[in-house]
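In what follows, a single structure is set out as structure tokens and then discussed.
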Amino acid sequence: MDMVDSKTSPTVSVAIATYNGEDYLSEQLDSILNQSRSPDEIIITDDCSTDRTPDVLSHYEAEYPDIISVFENEENVGVTKNFSKSIQLTSGDLIFLSDQDDVWSQDKIKTQIQTMYSTNSVLSFHNSTLVTEDKYDIGDFWSSLVFSPTSIQESETWISSLLFRNFIQGATIAMDHRLKKQVLPIPEQWEHDYYIALKAALVGSISVINKELMMYRQHGNQVTGSPAPDTVMKIHNALQNGKENYNPDPEKWVILMKEVESMSEDELRLPSQPVIDILESRIRFERNRRVIYRGGSNYTIKTTSIAKNLLNGRYSQFGYGPFGLLSTVRDIISSFP
């Protein structure tokens, strides 16, 4: 899939999914409305907020009726379905995803438009500045992931890297509207940003912008946050979280593999078989890990599952940390009664 026909001024939609975001929502909306290249529409779907979020949204919708449209869900559907709805309701050539608690740099929209058209890409993303609740700079998102964009250039590298882990932050995504057909509805087993990134890598080109175009606010009420900043803290968090808070999900990878198998070679940007091979290995990795965190399995069965993943190199391929060390340590500790 190539970029939609180059336009000097494509229409721009911003899709926002809100839930109990009253504290920072106004600042987020102001940063979008004050862009050097203004959006043509802002679509907001609220997931039955119980704080003042609906009041904040009503105020902005009344203030900017030609730009902002607010839709209230009849019941709470969760982050993935809420973003699916927001994306579906957009009408622009390009769709920008936004959280409810960040602050966009003034040239974010303009920069991503220019990059996507100059590189003929169907999705672009960028780095972000990690900040505290009061916007104190505490680093950048890519460093917290130990991610470097220079190592990823070709489509094969994009998809193989993304099949290992997600490094594309949802709130930094701008995408061609034609990806809606490829990604919607987003399976509820998937995080919306990870699924969109994977499907974009399968069908088109991805462009990466090595700039911090957004303040990514860290606070206690956010749905997602940045990873722990160093290896020691990551190991500590992995052990503290324990098996009660971890649930390997091979089924979401099965869903993706079936979708790849159903796609024609014309739809795919690269041959399907290498992708399927990686997905099959990922599914075996997650199925082995699920045994460890599922009740009822004895210690021998759990250690056998760990050994299978170690011997087949799946920890180093799909696990976190150097050679998958973090995942390996977590699984060994969690295998004890």
(request) Kindly say whether S143 contributes a backbone atom to a donor-acceptor pair with the side chain of D140 at under 3.5 angstrom? (result) yes
(message) Using side-chain heavy atoms (C-beta onward) and a distance below 4.5 Å, is P185 in contact with Q88?
(response) no
(message) I'd like to know if the side chain of S327 reaches the main chain of G324, judged simply by a donor and an acceptor atom lying under 3.5 Å from each other, with no hydrogens or angles considered.
(response) no
(message) Can a donor-acceptor pair be found, under 3.5 Å and without considering hydrogens, that links the side chain of Y216 to the backbone of V103?
(response) no
(request) Check the pair I44 / I68 against side-chain contact (heavy atoms from CB on, under 4.5 Å), numbers first and verdict last. (result) CA-CA 7 Å; I44 306 172; I68 296 179; 3.9 Å; yes
(message) When you compare the side chains of Q112 and K108, does any donor N or O come within less than 3.5 Å of an acceptor on the partner?
(response) yes
(request) Determine, using the 4.5 Å side-chain heavy-atom cutoff (strictly less than), whether I255 and I196 are members of one ILVMFWY cluster. (result) no
(message) For the residue pair K85 / N73, report whether a side-chain donor-acceptor contact shorter than 3.5 Å exists.
(response) yes
(message) One thing to verify: whether R282 and E286 come together as a salt bridge, which I'm taking to mean a side-chain N less than 4.0 angstrom from a carboxylate O.
(response) yes
(message) Main chain of Q28, side chain of S31: is a donor-acceptor contact present, judged purely on distance under 3.5 Å?
(response) yes
(message) Check this for me: does any side-chain nitrogen of one of E267 and K199 sit under 4.0 Å from a carboxylate oxygen of the other?
(response) no
(request) Drop me the distance from F141's CZ to I168's CD1, to the nearest 0.5 angstrom. (result) 10.5 Å
(request) Without swapping roles, check the side chain of D193 against the backbone of G170 for a donor-acceptor pair under 3.5 Å. (result) yes
(request) Hey, could you give me the OG/CE distance between S105 and M214, rounded to the nearest 0.5 Å? (result) 9.0 Å
(request) Measure the shortest side-chain to side-chain distance between W190 and L198 over non-hydrogen atoms and say whether it is less than 4.5 angstrom. (result) yes
(request) State yes or no: do V254 and I278 share one hydrophobic cluster built from I, L, V, M, F, W and Y residues joined by side-chain heavy-atom distances below 4.5 Å, directly or via other members? (result) yes
(request) Tell me whether I43 is reachable from V56 by hopping between hydrophobic residues (I, L, V, M, F, W, Y) whose side-chain heavy atoms are closer than 4.5 Å. (result) no
(message) With a 4.5 Å cut-off on side-chain heavy atoms, are Q317 and S281 touching?
(response) yes
(message) Quick one, Y24 with E133, criterion side-chain hydrogen bond (donor to acceptor under 3.5 Å, both in side chains). Give me CA distance, side-chain angles, the key distance, then yes/no.
(response) CA-CA 9 Å; Y24 310 109; E133 294 183 52; 2.8 Å; yes
(message) For the backbone of L145 and the side chain of R165, can you confirm whether one donor and one acceptor N or O come within less than 3.5 Å of each other?
(response) yes
(message) Between R217 and E27, does any NZ, NE, NH1 or NH2 come within less than 4.0 Å of an OD or OE carboxylate oxygen?
(response) yes
(request) Over all heavy atoms of both residues, which pair between N312 and K308 is shortest? Give the atoms and the distance, please. (result) ND2-O, 2.7 Å
(message) Looking at every heavy atom in both S316 and G313, which two are closest together, and how far apart are they?
(response) OG-O, 2.8 Å
(request) Indicate yes or no: at least one non-hydrogen side-chain atom of E265 is less than 4.5 angstrom from one of S272. (result) yes
(request) Evaluate the side-chain contact (heavy atoms from CB on, under 4.5 Å) criterion for residues F96 and S13: first the C-alpha distance (whole Å), next the side-chain angles of each, then the deciding distance (0.1 Å), finally the verdict. (result) CA-CA 6 Å; F96 286 70; S13 299; over 6 Å; no
(request) For the pair S305 (side chain) and R289 (backbone), establish whether a donor and an acceptor sit closer than 3.5 Å, ignoring hydrogens and angles. (result) no
(message) Testing the 3.5 Å rule here: is there a donor-acceptor pair between the side chains of D47 and N76?
(response) yes
(request) Give the minimum heavy-atom separation between V122 and A200, together with the two atoms involved. (result) CG2-O, 4.1 Å
(request) Report yes if the distance between the aromatic ring centroids of Y315 and F285 is under 6.0 Å, otherwise no. (result) yes
(message) Would you say I32 ends up clustered with I209 if hydrophobic residues are merged whenever their side chains have heavy atoms under 4.5 Å apart, either directly or through other cluster members?
(response) no
(message) Distance alone, cut at 3.5 Å: any donor-acceptor contact between the side chains of S91 and E41?
(response) yes
(request) Search all heavy atoms of I87 against all heavy atoms of T90 and return the closest pair with its distance. (result) O-OG1, 2.6 Å
(request) May I ask you to check whether F336 and Y299 place their ring centres under 6.0 Å from each other? (result) yes
(request) Give the intermediate values and the outcome of side-chain contact (heavy atoms from CB on, under 4.5 Å) for residues I113 and L94. (result) CA-CA 8 Å; I113 290 175; L94 300 180; 3.7 Å; yes
(request) Please work out whether the ring planes of W158 and F125 are parallel, tilted or perpendicular, with thresholds of 30° and 60°. (result) perpendicular
(request) Determine whether I306 and S335 make a side-chain contact, defined as any pair of heavy atoms from C-beta on separated by less than 4.5 Å. (result) yes
(message) With a 6.0 Å cut-off (strictly less than), is the heavy-atom count around NZ of K180, excluding the residue itself, greater than 12?
(response) yes
(message) Counting C-beta onward and ignoring hydrogens, is there a side-chain heavy-atom pair between Q182 and E259 closer than 4.5 Å?
(response) no
(request) Consider only side-chain N and O atoms of S121 and S207, and report whether a donor and an acceptor are under 3.5 Å apart. (result) yes
(message) For E22, is there any backbone N or O sitting under 3.5 Å from a side-chain donor or acceptor partner on D51?
(response) yes
(message) Given 3.5 Å as the limit, does a donor-acceptor pair link the side chain of D46 with the main chain of S49, or not?
(response) yes
(message) Counting C-beta onward and ignoring hydrogens, is there a side-chain heavy-atom pair between L256 and L163 closer than 4.5 Å?
(response) yes
(request) Supply the atom-to-atom distance N309 CG to F318 CZ, rounded to the nearest 0.5 angstrom. (result) 9.5 Å
(message) Is there a path of hydrophobic side-chain contacts, each under 4.5 Å between heavy atoms, that joins F323 and I333?
(response) no
(request) Would you give the length of the straight line joining atom NZ of K258 to atom CD1 of I276, rounded to the nearest 0.5 angstrom? (result) 13.0 Å
(message) Nearest 0.5 angstrom please: I16 CD1 to L25 CG, how far?
(response) 7.0 Å
(message) Once rounded to the nearest 0.5 Å, what's the spacing between atom CD1 of I206 and atom CE of M116?
(response) 10.0 Å
(request) Please confirm whether the backbone N or O of G92 pairs with a side-chain atom of T11, one donor and one acceptor, at under 3.5 Å? (result) no
(request) Decide, yes or no, whether a salt bridge links E188 with K81 under the criterion of side-chain N to carboxylate O below 4.0 Å. (result) yes
(request) Determine the minimum heavy-atom distance between A17 and N82, stating which atoms define it. (result) CB-ND2, 3.3 Å
(request) Output yes when D266 and R269 qualify as a salt bridge under the 4.0 Å nitrogen-oxygen rule, no when they do not. (result) no
(message) For a quick test of reading the model, state the closest non-hydrogen atom pair linking T18 to Q100 and the distance between them.
(response) CA-OE1, 3.2 Å
(request) Would you tell me whether S334 and D331 have side-chain atoms, one donor and one acceptor, within less than 3.5 Å of each other? (result) no
(request) Go through the steps to decide whether V203 and M263 satisfy the test side-chain contact (heavy atoms from CB on, under 4.5 Å), and finish with yes or no. (result) CA-CA 10 Å; V203 302; M263 297 172 73; 3.4 Å; yes
(message) Between D107 and S36, is there a side-chain donor-acceptor contact under 3.5 Å, judged purely by atom types and distance?
(response) yes
(request) Taking the side chain as every heavy atom from C-beta outward, state whether L130 and D137 have any atom pair closer than 4.5 Å. (result) no
(request) May I have the step-by-step check of ring-ring contact (aromatic ring centres under 6.0 Å, His included) for W253 and Y195, ending in yes or no? (result) CA-CA 10 Å; W253 297 101; Y195 185 76; over 10 Å; no
(request) Sort and list the pairs that fulfil ring-ring contact (aromatic ring centres under 6.0 Å, His included) and have at least one residue in residues 52-86, not counting sequence neighbours. (result) F83-H192
